There are 2 protein chains.
Amino acid sequence: MTEDRRSRVDGARTRAVILRESVAMATIDGLEGLSIGNLAKAAGMSKSGVYAHFGSKQDLQLATVEEAGRIFREEVVAPALVAPAGVGQLVALCDAFCEHLRRRAFPGGCFFAGAALEMGTRPGPVKDRVAAFQGALMELIRQFADTAIAQHELAADEKPELVAFEVNGIILAADTTYVLHDDPGVLEVARHVIRRRLGVS
Amino acid sequence: MTEDRRSRVDGARTRAVILRESVAMATIDGLEGLSIGNLAKAAGMSKSGVYAHFGSKQDLQLATVEEAGRIFREEVVAPALVAPAGVGQLVALCDAFCEHLRRRAFPGGCFFAGAALEMGTRPGPVKDRVAAFQGALMELIRQFADTAIAQHELAADEKPELVAFEVNGIILAADTTYVLHDDPGVLEVARHVIRRRLGVS
DNA sequence: CCTACCGATCGGTAGG
DNA sequence: CCTACCGATCGGTAGG
């Protein structure tokens, strides 16, 4: 059997290149503002090259959301999971998120914060995936808070749902303010706020 | 002197109609995704009718930001200003914001939350106005917190900047979650969270 | 405020 | 993965 001139490995690599650009561009132009022509140019190919990997703009948007989720889990969720259970995980999540912003993993800040506001009023599978991702993150934070309460690191009358809401708010405030004013100082403020709120150091 | 067939009053009214649609559409499509053709259709006129009032898309975006600011001051800031100074104003601001969301003043939630993330990476006069508005709101919240500390409603070691950051976070979490899941329950959560954080009732 | 138009770009397809 | 093309829509202008 002769090898195909373009192997499946090459195809997968090209797909990965497209998606890396797509996630980055989407944090600047939005999932809707993302243009396949510009994306093809950034990936160094023609429009039809992109269409060879994604049959429609919606397919591309869905794949972009999944890739952004993969990166978020890798850079923000994973460090939290290996931290000491309870308050330690809440602080680690917030710190990892701030580091994610500081090192400009995406040029336009947190992918999901932008996607949530952009797609919130656009019913369809893309919004559903974004909402599912946000819901899963909130559930994870709630579990961290639950453990923190069980370990008496937080007061017994704290409600995990409310703690999760506040932690999410701190994360969103860090993202919005950092993106808008480009001031690393806001990340230090966020670190300080989460520690004070959780009664750490 | 004979009257003009179209008086200045009519012109101002038409401009107001355009801007009302523009602010609403921008919370769905974004300030960049907003199209002058669609806007003209929504306002019941031709594209050139819109261009008669706004010379360019950027002019329209700037006027749209100002109109959104006027509405935000009217619906969210004004109720806070007439509330009891200190913690009362912080709670009133948050309540007015939640009511602003609940009654769907704009179809896509808080105009400035979306505009901040969309324009954050697009340097220019539009981003500058959005950033200035966000900065002014943060400064107002900081002053409310300052008064609350001076009146001993908040602990003496609280930092106004950090309280402002947290209140902003609660507002952003309410907006993002409400837009994404369309659940009025999150507004009750936000009201509960802000009161618990500030030690009220 | 209108009609009529401009070049550029959009998402997508045909055919290879 | 390519070139070449489609109809639709973009921001904007001319001339009234």
Side-chain angles (χ1 to χ4, degrees), chain A residues 2-23 25-26 28-65 118-119 122-127, chain B residues 2-23 25-26 28-65 118-119 122-127:
Chain A
T2 61
E3 284 220 59
D4 293 13
R5 248 189 309 165
R6 299 297 182 107
S7 71
R8 252 159 287 170
V9 177
D10 284 346
R13 198 172 304 160
T14 300
R15 194 186 139 97
V17 167
I18 295 171
L19 281 181
R20 196 192 313 155
E21 293 291 342
S22 181
V23 172
M25 286 179 60
I28 294 181
D29 299 322
L31 276 165
E32 214 66 26
L34 204 173
S35 113
I36 292 173
N38 284 339
L39 175 59
K41 206 176 297 172
M45 66 185 68
S46 70
K47 269 171 53 177
S48 67
V50 173
Y51 275 104
H53 290 271
F54 308 96
S56 68
K57 183 166 180 180
Q58 187 175 93
D59 284 353
L60 173 67
Q61 289 173 325
L62 286 168
T64 301
V65 171
E118 185 191 4
M119 304 308 289
R122 300 179 172 270
V126 181
K127 171 192 167 168
Chain B
T2 61
E3 284 221 57
D4 292 12
R5 250 188 308 164
R6 299 295 182 108
S7 70
R8 251 159 287 171
V9 177
D10 283 346
R13 199 173 302 160
T14 300
R15 194 187 140 98
V17 167
I18 295 171
L19 280 181
R20 196 192 314 153
E21 294 291 342
S22 181
V23 172
M25 287 180 59
I28 294 179
D29 299 322
L31 277 165
E32 213 66 27
L34 205 174
S35 112
I36 291 173
N38 283 340
L39 175 59
K41 207 176 295 171
M45 67 186 67
S46 70
K47 269 171 52 177
S48 68
V50 173
Y51 275 103
H53 289 272
F54 307 97
S56 70
K57 184 166 182 182
Q58 188 175 95
D59 283 354
L60 173 67
Q61 289 173 326
L62 285 168
T64 302
V65 171
E118 185 191 5
M119 303 308 289
R122 299 178 174 271
V126 181
K127 171 194 167 168

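Below, chains carry the letters A, B, ... as their sequence lines are ordered, and counting in each starts from 1. Keep in mind that what you see is a predicted model, and the values were worked out from it rather than measured. Just the heavy atoms: all of them, side chains too, but no hydrogens, waters or symmetry mates, feed the values below.
Of the possible polar contacts, one joining the A:Ser56 side chain to the A:Asp59 backbone as a donor-acceptor pair under 3.5 Å is found.
Side-chain atoms of B:Ile18 and B:Met45, non-hydrogen and from C-beta on, do get closer than 4.5 Å to each other.
Across B:Ala63 and B:Phe54, no two heavy atoms sit closer than the pair CB-CE2, 3.6 Å. Closest heavy-atom contact between B:Thr64 and B:Ala26: CG2-CB, 4.4 Å.
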Handout entry: Heavy-atom protein contacts under 4.0 Å, nucleotides 10-16 of chain D, coded B base, S sugar-phosphate only, - none
Key = SBBB---

Identify each donor-acceptor pair in which a side-chain atom of residues 29-43 of chain B lies under 3.5 Å from a protein atom, sequence neighbours left out, and give them as a table.
unit_1, atom_1, unit_2, atom_2, d
B:Asp29, OD1, A:Arg122, NH2, 2.7
B:Glu32, OE1, B:Gln61, NE2, 3.4
B:Ser35, OG, B:Gly37, N, 3.4
B:Ser35, OG, B:Asn38, N, 3.0

Problem - Nucleotide pairing, DNA chain C (Watson-Crick or G-U, distances under 3.5 Å), in dot-bracket with [ ] and | - result: ||||||||||||||||

